[in-house]
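Accompanying notes for the structure given below.
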Amino acid sequence: QVHLAESGGGLVQAGGSLRVSCAASVRTFSMYAMGWFRQAPGKEREFVAAIGWSGSSTYYADSVKGRFTISRDNAKNTVYLQMNSLKPEDTAVYYCAARPSDIASMNRNDYAYWGQGTRVTVSS
């Protein structure tokens with residue numbers, strides 16, 4: 001069983017930056033690919049970014065490419081999402097997810113474990 005806990009959400013002005021974190025309670029964190037997804041009010045949960053177990057492979061949604069950066073620290077069992085140049089359309093609840101594989105995926109159905117989410121609000 002993997003427990004994921006997101007933190008770092010909040011209110012930020014458009015153009016600002018925010019970093020959200022996800023701490024995993026699992027002994028073999030380095031054996032999990034990790035992903036970030038988000039869900040805006042009235043919309044389906046969508047892919048944001050993903051990272052392989054070693055951190056060498058990363059994937060991004062087109063809407064965040066060049067603005068967001070996913071990274072991980074396997075020694076701290078933590079994955080991060082650095083969000084720069086935030087836009088009001090980035091407003092959502094951000095979820096991290098874990099997949100028992102070394103290969104990251106953009107498909108939410110490939111992830112077995114999910115956190116409770118952290119809310120990010122970008123004001124215009």
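- Linking ILVMFWY residues whenever their side-chain heavy atoms come closer than 4.5 Å, directly or via other members, leaves Phe68 and Phe37 in distinct clusters.
- Phe29 carries Arg72 over the face of its six-membered ring, with the cationic atom under 6.0 Å from the centre and within 45° of the normal.
- Among all heavy-atom pairs drawn from Leu86 and Arg67, the shortest one is CA-NH1, 3.9 Å.
- Arg99 and Tyr111 share no donor-acceptor pair across their side chains, judged by distance under 3.5 Å alone.
- Looking only at side-chain heavy atoms (C-beta outward), Arg45 and Trp114 come within less than 4.5 Å of each other.
- Within 6.0 Å of CD in Gln116 there are 12 or fewer heavy atoms belonging to other residues, nucleotides or ligands.
- Neither Trp53 nor Met34 shares a network with the other; the hydrophobic side chains, linked directly or stepwise wherever heavy atoms of I, L, V, M, F, W or Y lie under 4.5 Å apart, form separate groups for each.
- Looking at Asn77, its side chain does come within 3.5 Å of a backbone N or O of Val26 through a donor-acceptor pair.
- Cluster annotation: Leu81 is connected to Val64 through the hydrophobic network of ILVMFWY side chains, with a link wherever side-chain heavy atoms come within less than 4.5 Å.
- Looking at residues two or more places apart in sequence or on another chain, you find no ring pair (Phe, Tyr, Trp, His ring centres under 6.0 Å) involving Tyr32.
- For the pair Arg19 and Tyr80, the cation sits on the ring face: its NZ or CZ lies under 6.0 Å from the ring centre, inside 45° of the axis.
- Hydrophobic clustering (ILVMFWY, side-chain heavy atoms < 4.5 Å, transitive): Val48 and Tyr113 are in one cluster.
- No side-chain heavy atom of Phe47 sits less than 4.5 Å from a side-chain heavy atom of Asn107.
- At a threshold of 4.5 Å between side-chain heavy atoms, the hydrophobic network of Ile, Leu, Val, Met, Phe, Trp and Tyr places Met83 and Val12 in one connected group.
- Heavy-atom minimum distance, Thr78 versus Ser21: CG2-CB, 4.2 Å.
- Salt bridge annotation for Lys65-Asp62: present, with a cationic side-chain nitrogen under 4.0 angstrom from a carboxylate oxygen.
- In plain terms, the two heavy atoms of Ser63 and Arg38 that are nearest each other are OG-NH2, 3.5 Å.
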